[in-house]
Novice: 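Have a look at the structure that comes next, please.
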Amino acid sequence: MRRAALVGIGAAALVAAVALAQGGPPEPQRQIPNPMSGRHFATPETLAIQDDDFLNPAFLWVEEGEEAWNRVEGTSGQSCASCHQDARETMRGVRARMPAYHPRLQRVVTLEQQVNICRTERMGAPALPIDSRPLNAITTFIALQSRGMPVNVDISGPARPFFDAGERFYNTRRGQLDMRCGSCHEDNYGRYLRADLLSQGMSNGFPTYRLKEQRVISLQFRLQGCVNDVRGEAPPMGGEEFTNLEFYLAWRAQGLPVESPSVRR
Amino acid sequence: MAAPIGQPRVRLPAQVRAGEIIEIRTLISHVMETGQRRDQAGNVIPRDIIRRFEAKFEGELVFAMDLAPAISANPYIAFQFKAERPGRFEFTWTNDAGESRTATQDLRLA
């Protein structure tokens with residue numbers, strides 16, 4: 001343990017020196033440079049549902065989201081469409097570049113949070129509960145407009161500290177099983193954990209229709225499940241820790257096509 | 001109280017010739033609560049499923065199905081139909097409480 005820590009400090013010093021020389025933090029290196037989408041680990045039966053927009057039950061959420069997009073709500077008498085017009089054009093690429101740094105709020109926000117920011121600050125409407133059906137409906141509808149586009153989040157400049165926090169969360173061992181995220185999704189992908197074939201834990205398919213839950217789930221709901229699996233204490237959905245983690249996960253999946261709404265067991 | 005029967009989705013092929021056998025696909029948003037699960041307090045969650053699906057063409061029953069509690073949420077039902085003439089389909093989903101939801105769709109021939 002002690003030796004590993006010393007090596008760690010040595011490496012950190014080296015990294016800091018490089019950073020000073022270049023005038024910014026060094027480019028992070030991905031553990032998995034050529035990521036594979038979760039679809040490579042899904043069964044043909046599950047993929048048959050995902051690949052058929054009619055069979056895929058997530059499209060019920062898409063339709064609800066589209067209706068909500070055009071619905072006037074709140075004290076300012078506006079709908080999402082009042083400001084953003086046709087989502088097919090204005091929301092194209094949004095899911096691929098989120099989470100993103102929000103200059104006015106000076107922090108990274110997820111797509112879910114941005115929707116609620118617009119509702120509370122612009123529409124005078126109440127925030128939708130995290131992972132609720134109406135919120136998942138609107139984010140699934142928005143995500144669909146980026147389907148097939150490569151994930152491409154910007155971690156530079158003021159976004160970097162949030163990314164670093166997410167990376168630390170990812171690499172911290174936790175729970176009674178004392179495991180980090182990578183213990184399963186980097187060191188053991190392609191192997192079975194009980195009935196589950198472990199994937200690389202990529203986030204490009206979210207929101208996703210989970211057959212086990214029989215509903216669309218948000219990424220952070222899945223993350224709570226993963227932390228609970230190692231018998232750890234999961235932070236709240238929508239909080240800072242999971243937001244930063246989601247940002248880090250998006251960067252891990254950089255280049256993979258957005259596949260939302262995917263279908264998973 | 002029964003859960004709401006959500007928005008139905010129905011799809012017929014776009015181009016249909018007379019005499020062609022077509023597939024009609026339907027999907028409805030519903031919880032399909034089995035009656036075998038318990039809530040966090042340990043109480044049985046009452047059964048609440050779509051019990052029956054019926055499809056009529058020009059008022060005549062052409063397909064029907066009784067559903068079982070083991071069918072998963074948001075049931076998908078597809079069936080085949082021989083298209084002889086244009087007309088109107090009426091699809092009805094009915095739950096345990098006897099409430100129903102209907103969708104209609106027109107069959108046009110090329």
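Letters A, B, ... are given to chains in the order of the sequence lines, protein chains preceding strands, and every chain is numbered from 1.
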Novice: What distance separates Glu63(A) CD from Ser29(B) OG, expressed to the nearest 0.5 Å?
Specialist: 10.0 Å

Novice: Using only non-hydrogen atoms and a strict under-4.5 angstrom cutoff, which residues of residues 39-61 of chain A touch chain B?
Specialist: Asp52(A), Asp53(A), Phe54(A), Leu55(A), Asn56(A), Pro57(A), Phe59(A), Leu60(A), Trp61(A)

Novice: For Ser72(B) and Gln214(A), work out which heavy atoms get closest and say how close.
Specialist: CB-NE2, 3.3 Å

Novice: Is the number of heavy atoms from other residues, nucleotides or ligands within 6.0 Å of CD (Glu67(A)) greater than 12?
Specialist: yes

Novice: Hey, which residues of residues 69-94 of chain A are touching chain B, say heavy atoms under 4.5 Å apart?
Specialist: none

Novice: In terms of heavy-atom pairs under 4.5 Å with chain A, which of Gln7(B), Arg25(B), Met32(B) leads?
Specialist: Arg25(B)

